[in-house]
Peer 1: 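Next up is a structure, given as structure tokens.
Predicted model only: the values in this text are computed from it and were never measured. Proteins get letters first, then strands, A, B, ... in listed order; numbering begins at 1 in each.
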Amino acid sequence: MAASNDQLSNQELLTQQRSITEQVNLRPMHALPQLVVGLDAAYDEDSSKAVAAAVVIDTASFEIVEQATATVANPVDYRPGFLAFREAPVLLAAMAKLRHEPELVVCDGHGIAHPARAGLACHVGVALGVPTIGCAKNHLTGSFADIGPERGESQPHGSHRPTVRPRRTPA
DNA sequence: GCGACAG
DNA sequence: ATCTTGTCGC
């Protein structure tokens with residue numbers, strides 16, 4: 001049981017996501033940038049604090065160029081389909097501490113592969129104005145064929161029929 | 001109606 | 001995300 005911070009109704013959140021979706025600009029990236037930043041978040045024991053780390057690497061040497069961390073108190077509760085509202089704040093706080101300006105951001109969670117095409121990576125990318133890709137470990141929505149065992153293999157992600165239905169808001 | 005549901 | 005015992009794979 002987290003703090004009483006989920007003031008926003010599902011409708012308000014959906015409206016926010018729609019706004020994000022409209023601001024996303026999909027574009028092909030032909031070359032691997034020199035500076036890439038990896039983003040991830042974690043929480044303390046009772047989830048009263050969210051912590052994030054931003055690590056910049058030089059893709060030519062694979063060496064760490066810079067790194068920063070940030071903390072946020074009482075993050076909103078997690079809700080399937082609305083992860084960005086919980087994690088984007090800390091991630092952006094960590095990003096704000098970087099002196100370097102990466103040309104590509106890689107963060108946990110989905111981006112376009114989201115019921116509203118407004119996953120965490122979209123929120124982060126729009127907020128930063130930097131090309132961003134989501135790298136989720138688990139499935140959220142849509143479907144795709146089995147991916148082969150070889151490194152680099154891939155399969156196109158299918159239609160995004162909304163499978164995540166907003167839960168009722170307590171208030 | 002039942003199951004699914006990033007982190 | 002986070003906790004934790006038993007089991008599996010290299």
Side-chain angles (χ1 to χ4, degrees), chain A residues 1-24 26 36-55 67-96 104-128 130-151 153-170:
Chain A
M1 43 187 84
S4 55
N5 40 28
D6 291 24
Q7 319 287 39
L8 308 176
S9 71
N10 296 309
Q11 275 306 309
E12 294 176 302
L13 296 182
L14 288 172
T15 298
Q16 289 256 10
Q17 295 190 324
R18 191 182 147 180
S19 171
I20 292 297
T21 302
E22 298 175 344
Q23 298 176 67
V24 172
L26 294 181
V36 177
V37 59
L39 277 178
D40 196 12
Y43 303 84
D44 70 348
E45 198 171 280
D46 54 11
S47 289
S48 63
K49 292 177 188 173
V51 296
V55 181
Q67 50 188 299
T69 60
T71 296
V72 158
N74 302 313
V76 299
D77 292 322
Y78 165 74
R79 304 245 276 303
F82 300 100
L83 173 65
F85 297 95
R86 175 176 172 74
E87 296 201 342
V90 226
L91 298 182
L92 293 176
M95 283 300 294
L104 174 64
V105 177
V106 179
C107 68
D108 57 298
H110 288 95
I112 288 304
H114 174 278
R117 296 179 72 76
L120 174 60
C122 296
H123 282 68
V124 171
V126 167
L128 297 174
V130 178
T132 303
I133 60 179
C135 187
K137 295 180 291 297
N138 297 96
H139 165 84
L140 172 61
T141 188
S143 60
F144 47 86
D146 296 314
I147 300 176
E150 298 309 306
R151 183 170 195 160
E153 288 197 62
S154 67
Q155 286 293 329
H157 183 268
S159 68
H160 299 166
R161 181 172 62 75
T163 59
V164 176
R165 183 194 52 200
R167 295 192 317 207
R168 254 187 64 75
T169 305

Peer 1: Does A:Tyr43 have a side-chain nitrogen or oxygen under 4.0 Å from the phosphate oxygens OP1 or OP2 of B:dG7?
Peer 2: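 Result: no.
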Peer 1: C:dA1 C1' sits how many Å from A:Leu91 CG, rounded?
Peer 2: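 Computing the A:Leu91:CG to C:dA1:C1' distance gives 12 Å.
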Peer 1: Please round to the nearest 0.5 Å and tell me the distance separating atom CZ of A:Arg79 and atom CZ of A:Phe85.
Peer 2: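 Going from CZ on A:Arg79 over to CZ on A:Phe85, the span is 9.0 Å.
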Peer 1: Counting runs of three or more consecutive pairs, Watson-Crick or G-U wobble, with each distance below 3.5 Å, where are the stems of DNA chain C?
Peer 2: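 So the stems come out as none.
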Peer 1: Is there a side-chain contact between A:Met95 and A:Val37 in this structure, where contact means two heavy atoms from C-beta onward sitting under 4.5 Å apart?
Peer 2: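 Heavy-atom side-chain distance check passes, below 4.5 Å.
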Peer 1: Take the protein atom CG of A:Leu83 and the nucleotide atom C1' of B:dA4, then report the distance between them rounded to whole Å.
Peer 2: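 Taking CG of A:Leu83 and C1' of B:dA4, I get 17 Å after rounding.
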Peer 1: Any side-chain N or O of A:Lys137 under 4.0 Å from OP1/OP2 of B:dA6?
Peer 2: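 No.
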Peer 1: Between A:Asp77 (CG) and B:dC5 (P), how many Å, whole number?
Peer 2: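 After rounding, the reported distance stands at 20 Å.
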Peer 1: Please name all residues satisfying side-chain hydrogen bond (donor to acceptor under 3.5 Å, both in side chains) with A:Gln67, sequence neighbours left out, ordered by chain then number.
Peer 2: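 Partners of A:Gln67 by the side-chain hydrogen bond (donor to acceptor under 3.5 Å, both in side chains) criterion come out as none, since no residue qualifies.
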Peer 1: Expressed in angstrom and rounded to an integer, what is the separation of A:Ile133 atom CD1 from B:dA6 atom P?
Peer 2: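 In whole Å, B:dA6 P and A:Ile133 CD1 are 20 Å from each other.
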Peer 1: In this structure, how many angstroms lie between the C1' atom of B:dC5 and the CG atom of A:Leu120, rounded?
Peer 2: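 Atom-to-atom, A:Leu120 to B:dC5, this comes out as 16 Å.
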Peer 1: Counting only side-chain nitrogens and oxygens, does A:Asn138 get under 4.0 Å of the OP1 or OP2 atom of B:dG7?
Peer 2: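 Result: yes.
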Peer 1: Calculate the interatomic distance between A:Leu140 atom CG and B:dG7 atom C1'; express it in whole Å.
Peer 2: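 So the two atoms are 10 Å apart, to the nearest Å.
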Peer 1: Answer with yes or no whether A:His139 presents, from its side chain, a donor or acceptor under 3.5 Å of a partner atom in the base of B:dA4.
Peer 2: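 Answer no: no donor N or O sits under 3.5 Å from an acceptor.
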Peer 1: Can you find a pair of side-chain heavy atoms, one from A:Val51 and one from A:Val90, that are under 4.5 Å apart?
Peer 2: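 A side-chain contact under 4.5 Å is absent here.
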Peer 1: Which whole-number value in Å describes the distance from A:Arg86 CZ to B:dG7 C1'?
Peer 2: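 Answer to the nearest Å: 8 Å.
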Peer 1: Can you list the residues that meet the side-chain hydrogen bond (donor to acceptor under 3.5 Å, both in side chains) rule with A:Gln155, with sequence neighbours excluded?
Peer 2: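 Not a single residue meets the side-chain hydrogen bond (donor to acceptor under 3.5 Å, both in side chains) criterion with A:Gln155.
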Peer 1: Using atom CG of A:Leu13 as one end and atom C1' of B:dC5 as the other, report the distance to the nearest whole Å.
Peer 2: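 After rounding, the gap between these two atoms is 16 Å.
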Peer 1: Do we count A:Tyr78 as stacking onto C:dA1 if the rule is ring centres under 5.5 Å and planes under 30°?
Peer 2: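 Per 5.5 Å and 30° rule: no stacking.
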Peer 1: Please examine the side chains of A:Tyr78 and A:Glu87, heavy atoms only from C-beta on, and report whether any two atoms are closer than 4.5 Å.
Peer 2: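 A:Glu87 does not reach A:Tyr78 side chain to side chain.
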Peer 1: Does the side chain of A:Gln23 come under 3.5 Å of the side chain of A:Ser19 through a donor N or O and an acceptor N or O?
Peer 2: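 Note: A:Gln23 and A:Ser19 side chains meet the donor-acceptor criterion.
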